[in-house]
Each structure stands twice: as C-alpha cells, then as structure tokens.
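Single-structure report; data block below.
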Amino acid sequence: MEFFCYHRDRPGSLALRRELLEAHWSYMDRFDKEMIARGPTLSGDGEVPTGSVHIVDLPDPAAARAFAFDEPGYQAGVYRDVLLRRWRNMLGRTMWEFPGGRTGGRRYLVLGLGQGRAADLAVPPDRNELIAYGPLLSDDGTSRLGTAALVRAADPEAARAVLTGDGYADIEVHNWQSGGRPS
C-alpha cells in the first residue's frame with residue numbers, strides 16, 4: 001500500500017530540525033527500498049525548510065502511522081502536524097525515475113484537499129513534468145480525499161494548474177526539492 005506523508009514544520013523549529021538532520025536521514029535510510037519520493041518543502045524564497053514529504057510503499061496503515069510518528073523530528077517536536085493518507089501511484093514510477101532528473105527547474109508540492117465530487121481522476125496530459133501524482137485516500141482506500149502531486153513547473157501558478165481549481169475545497173502549492181542524503 002502506498003502512503004503520502006507530509007510533516008509540516010512548527011514555527012521556530014529550524015534549529016532543532018538542523019540538529020536532527022542526521023537522525024532523520026538515518027531513520028529514512030531504513031525505508032530506502034519502500035521510498036517513492038521524498039524531500040523538503042521550502043519557504044517562498046526557497047531557502048528555509050517548511051516541511052518534509054515522503055511517499056512510501058508500506059504493508060498497511062499501522063506501518064504508515066509508525067513510519068510517520070516514530071520519525072525523530074516528529075518525536076522531538078519539529079513538526080506542528082502530519083498529513084498521512086493512503087495514496088495511489090498513478091505514474092507507476094519513483095522520483096528517481098522521473099525523466100527530468102533530480103535537479104533542474106522549479107519544483108512544487110501541489111495538494112488538492114477536500115472531500116466532495118472526485119476531481120482529476122486521470123493523469124494530466126503533460127505527464128513529463130510530473131514527478132509523482134496520485135489521489136489521497138481514506139485508510140481503507142474507498143474514499144477519495146484529494147490529490148497530491150510533485151511537479152516541475154515555471155512558477156506556483158503553473159504548478160497549481162495541474163489540478164482542477166474548482167474540484168477541491170483548497171489547493172496548496174509549496175516549493176519542494178528532491179530529498180535524501182547529498183551525494
């Protein structure tokens with residue numbers, strides 16, 4: 001089962017986040033084979049981390065909750081909240097298989113949130129700019145709760161356009177970059 005996990009940083013936690021970076025990477029190393037995508041969200045200027053995205057393939061919701069809440073930054077109070085949802089990999093690939101590579105161009109996390117009529121049931125036509133794309137689902141996988149996408153785009157407005165504007169209660173766009181240990 002695939003899961004989308006977004007830890008959102010607590011205001012004022014940057015020093016603690018930096019202090020725990022090696023512990024975070026070591027923890028995530030344990031899930032290397034299960035990882036579909038990972039990386040931080042960033043402030044508007046792209047300089048300060050604001051959260052941490054992980055898309056992982058895990059056995060069940062209990063394993064996903066353990067993954068999200070045993071993370072060292074969460075345990076130490078770096079994050080103000082965690083969005084954890086079942087997810088479906090509509091592209092059938094990992095971020096490492098993205099044809100555009102791990103760097104180059106501006107990259108964004110786009111979240112379409114809100115239950116209601118299902119929107120964006122198919123992959124958008126320009127899939128070459130999609131790093132990851134899929135629905136956010138309830139724990140049992142029966143209810144669609146939104147859409148999560150990692151996309152390369154010229155600007156936040158172009159990234160937002162990946163989703164149907166009136167299909168969600170809210171659409172969030174965050175600067176994002178591919179994550180993991182530096183090479």
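Predicted, not measured: the structure shown is a model, and the values here were computed from it. The chain is numbered in sequence order, starting from 1.
Under the side-chain contact (heavy atoms from CB on, under 4.5 Å) criterion, Ser178 pairs with Met95, Arg102, Arg107, Trp176, not counting sequence neighbours. Under the rule for a salt bridge (Lys or Arg N to Asp or Glu O under 4.0 Å), the partners of Glu129 that lie at least two apart in sequence or sit in another chain are Arg152. Residues meeting the side-chain contact (heavy atoms from CB on, under 4.5 Å) test with Ala64, sequence neighbours left out: Phe3, Leu58, Leu84. Every residue two or more places apart in sequence or in another chain that forms a side-chain contact (heavy atoms from CB on, under 4.5 Å) with Ser138 is listed here: Asp140, Thr142, Ser143, Leu145.
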Worked verdict on Val78 versus His7 for side-chain contact (heavy atoms from CB on, under 4.5 Å): CA-CA 9 Å; Val78 170; His7 292 90; over 6 Å; no
From CA spacing to verdict: side-chain contact (heavy atoms from CB on, under 4.5 Å), Asp9, Leu14: CA-CA 8 Å; Asp9 286 17; Leu14 182 59; 5.6 Å; no
Audit row: Thr41, Tyr6, side-chain contact (heavy atoms from CB on, under 4.5 Å) steps and yes/no: CA-CA 9 Å; Thr41 55; Tyr6 181 28; 3.1 Å; yes
side-chain hydrogen bond (donor to acceptor under 3.5 Å, both in side chains) between Thr50 and Ser43, worked out: CA-CA 6 Å; Thr50 61; Ser43 59; over 6 Å; no
Derivation of the side-chain contact (heavy atoms from CB on, under 4.5 Å) call for Leu113 and Leu136: CA-CA 8 Å; Leu113 303 169; Leu136 297 169; 4.0 Å; yes
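In terms of heavy atoms, Ile131 sits closest to Val151 at CD1-C, 4.0 Å. Contact between Gly141 and Arg86 at its shortest, heavy atoms only, is N-NH1, 3.5 Å. The two residues Ala169 and Gly114 come nearest to each other via the heavy atoms CB-CA, 4.1 Å. Of all heavy-atom pairs between Glu47 and Asp45, the closest is N-OD1, 2.9 Å. For the residue pair Ser26 and Arg181, the shortest heavy atom distance occurs at OG-NH2, 3.4 Å. For Leu16 against Ala76, the heavy-atom pair with the smallest separation is CD2-O, 3.4 Å.
Tracing side-chain contacts under 4.5 Å through hydrophobic residues (I, L, V, M, F, W, Y), one reaches Trp96 starting from Leu109; they form part of the same cluster. Residues Val53 and Leu83 fall within the same hydrophobic cluster, defined by Ile, Leu, Val, Met, Phe, Trp and Tyr side chains chained together at heavy-atom separations under 4.5 Å. Leu111 is not connected to Met90 by any chain of hydrophobic side-chain contacts under 4.5 Å among Ile, Leu, Val, Met, Phe, Trp and Tyr, and they are in different clusters. Hydrophobic clustering (ILVMFWY, side-chain heavy atoms < 4.5 Å, transitive): Tyr133 and Ile55 are in distinct clusters. Under the 4.5 Å side-chain heavy-atom criterion for Ile, Leu, Val, Met, Phe, Trp and Tyr, Phe4 and Phe69 are members of the same hydrophobic cluster.
Side-chain N or O atoms of Arg160 include one that pairs as donor or acceptor with a backbone N or O of Ile171 at under 3.5 Å.
The line from CZ of Arg127 to CG of Leu91 is 5.0 Å long, rounded to the nearest 0.5 Å. Here OG1 of Thr147 is found 10.5 Å from CZ of Arg88. Values are rounded to the nearest 0.5 Å. Taking CD of Glu2 as the start and CD of Glu34 as the end, the distance is 12.0 Å to the nearest 0.5 Å.
Residues Trp87 and Ile36 meet the side-chain proximity criterion, which asks for heavy atoms closer than 4.5 Å. Looking only at side-chain heavy atoms (C-beta outward), Leu130 and Pro124 come within less than 4.5 Å of each other.
Pairs of residues two or more places apart, or lying in two chains, that qualify as salt bridge (Lys or Arg N to Asp or Glu O under 4.0 Å) and include a residue from residues 56-84 are Arg8-Asp81, Arg65-Asp139. Residue pairs meeting the ring-ring contact (aromatic ring centres under 6.0 Å, His included) criterion with at least one partner in residues 37-62, sequence neighbours excluded, are His24-His54, His54-Phe67.
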